[in-house]
Amino acid sequence: VIVAPASRAASLTIAVKDATEIWRDGRFRWAAVLLLILLVAAVAGGAHNQSEIARQHAAAQQAERDVWLDKGDMNPHAAAHYGSFVFKPVQPLSAIDPGLDPFVGVFVFLEAHRQQLARHRPIEDATPTRRLGQLTPAAAALVLLPLLVIALTFASFAGERDQGTLRPLLAMGISRRALLAGKAMGAMLPLAAVIVPAAIAGAVILYLNAPADPDAPIAARAGGMAAVYLAHALIWIGLGLTVSARARSQGSALVVLLALWFANAFIMPPLAMAAAKWIEPSPSALEFAAAIQDGKDSWPSWDERVERVMQRFLAGEFESTIAPSNVEVMALLESEADETALYDRRFDELFERYRRQARTFERADAGGPLAVDGAGRHRRGARSRFRGGRRALSRGDADDAECRAGHVRPPQRLRLHERPRALGEGAAVRLRRAAGGVGGEPRVVEPGRVERVAAGCGHGRGVVGVVDEARLDAAPPDAS
Amino acid sequence: MKQLLFAVLALSLLVPALPMAHPGHDHKLMGTVSSIDKNKISMKTTEGKDATFEVTPTTNFKNGSKKGLQSDLKVGMRVVVNVGDGVEPIKAKEVQYSTATTTAKK
């Protein structure tokens with residue numbers, strides 16, 4: 001509100017008078033102190049919780065890494081499916097707002113060929129009211145702080161009207177804008193007594209928490225979050241002043257504001273979510289899995305696929321000399337490509353639905369605490385999808401096909417690569433297969449040893465071999 | 001009697017520990033014929049490797065879905081060779097080709 005210089009003094013006088021009266025009210029002091037304690041406790045608790053989660057993640061990640069390194073030698077395909085869990089780094093700002101973590105989970109299973117969603121999302125096991133029971137600084141700022149704002153503003157104009165002082169104020173020549181500015185400042189000053197100490201305490205606690213990623217712009221993000229919370233509080237101040245100005249009495253202003261707060265905090269979010277789900281229904285996990293399975297069922301059988309590859313080769317396809325010479329390997333690669341396309345299509349459809357749901361939700365609940373808190377939550381959640389790579393067959397079939405591909409090679413001609421300790425994602429395995437192996441020195445081993453490896457291929461995940469990659473030597477088999 | 005019982009029990013416990021023999025699959029290699037002898041066929045695989053297979057009296061030749069002849073094969077022709085389980089000496093169980101397509105493009 002822009003006021004003329006002459007009116008500024010009047011505005012300030014009104015603001016100081018209102019702020020002093022509010023501050024002298026013991027009920028406000030109690031409420032302010034309680035909210036301040038609540039905010040600081042929430043930040044401290046959140047920071048402790050964040051540190052604990054970060055410590056647990058680091059320990060679990062290390063344990064998972066040890067399991068991977070100690071798993072022994074393994075057929076590469078089996079190793080790629082053996083997989084590994086990875087954990088999302090915990091950033092300091094999650095002490096303020098855990099954000100997406102309860103919704104999309106914090107760890108995913110990396111496995112070749114499969115596209116995975118984060119596992120064990122806390123929200124899956126939660127009741128709809130779980131969110132209400134979470135004392136996070138974000139919840140306190142978005143749900144409880146408006147209550148304090150209501151307490152500060154509901155009587156701003158309605159109280160003057162009830163006491164018969166509004167008309168005399170206007171009769172003194174104070175413009176409506178100056179009066180509005182004075183009332184707004186009068187509400188903001190006591191509010192600052194709560195927000196500023198809480199913000200300082202929060203900043204100190206966050207500063208003491210080392211970020212998981214030192215390059216992450218934590219300060220900028222914290223500033224952005226603070227701006228959102230401040231804007232939310234200012235919206236509520238404006239709403240409180242508006243209702244107070246138009247209400248016939250303090251009581252009616254209070255009732256209207258409390259009703260708005262309750263609807264905004266507790267009724268609109270689930271209603272908006274229900275509407276979004278009704279307008280843009282999303283499949284259940286079972287339906288989604290069934291849709292993927294239906295796609296797989298429509299594919300040719302393995303034998304048909306192998307036969308088709310063979311016929312296509314005889315018909316002139318596969319010009320590239322890097323194409324695998326084994327028909328089954330070629331069929332396996334094509335099968336993986338089909339499966340990747342299927343996963344891509346289904347996941348894209350699913351997340352497009354989620355995006356439309358999010359848009360509907362945000363429109364229906366614009367300004368609501370959950371919409372503010374979770375602005376873009378669903379969009380960001382969609383992008384958090386992990387693509388674990390491609391997958392062609394069930395684990396047993398894939399291992400078997402891999403084994404068959406290796407088994408055709410004459411044992412005397414097999415050139416073997418030691419498994420690099422850092423062998424990781426399926427992509428690395430694919431790279432090795434395509435490029436002829438990366439890492440480790442190729443060496444020729446005794447035929448018997450190779451046969452043991454080949455014989456062990458059929459045992460899938462549990463196979464313990466001496467090599468993880470076997471490739472045909474350049475020399476012809478009968479040259480020796 | 002007890003000794004026999006324990007022996008049977010011990011043997012039954014050992015059975016799952018024995019490695020299951022690999023079932024053995026027929027493997028088919030794709031390539032282009034590089035030379036033809038009476039008893040041998042050499043080809044360059046699609047991976048660019050050279051491979052040679054013995055042709056035996058039991059080797060089956062197929063031209064598409066019809067029965068074929070070794071004499072149909074020509075250098076440069078695309079073939080898919082079924083090499084059985086791949087144990088040396090590698091013998092071709094079946095050689096499939098198609099006269100509909102002549103030589104492979106390089």
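Lettering follows sequence order; numbering is per chain, from 1.
Residue B/S65 holds its OG atom at 8.0 Å from CD of A/Q311, rounded to the nearest 0.5 Å. Atom-to-atom distance recorded for B/K28:NZ and A/S325:OG is 14.0 Å, nearest 0.5 angstrom. For the atom pair CD of A/E328 and CG of B/L29, the computed distance is 10.0 Å after rounding to the nearest 0.5 Å. Separating the CG atom in A/N326 from the CE atom in B/M30 is a distance of 7.5 Å, to the nearest 0.5 Å.
Of the possible donor and acceptor atoms, none in the side chain of B/R78 sits under 3.5 Å from a partner among the backbone N and O of A/A315.
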Donor-acceptor list for residues 89-96 of chain B side chains, cut-off 3.5 Å, not counting sequence neighbours:
residue	atom	partner	partner atom	Å
B/K93	NZ	B/D26	OD1	3.2
B/K93	NZ	B/D26	OD2	2.9
B/E94	OE2	B/N60	ND2	3.2

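Judged as a side chain to side chain contact (heavy atoms under 4.5 Å, CB included), and not counting sequence neighbours, the contacts of A/E334 are A/R305, A/V309, A/R312, A/F318, A/M330.
Interface remark: B/V79 contributes backbone atoms only to the contact with chain A (heavy atom separation under 4.5 Å).
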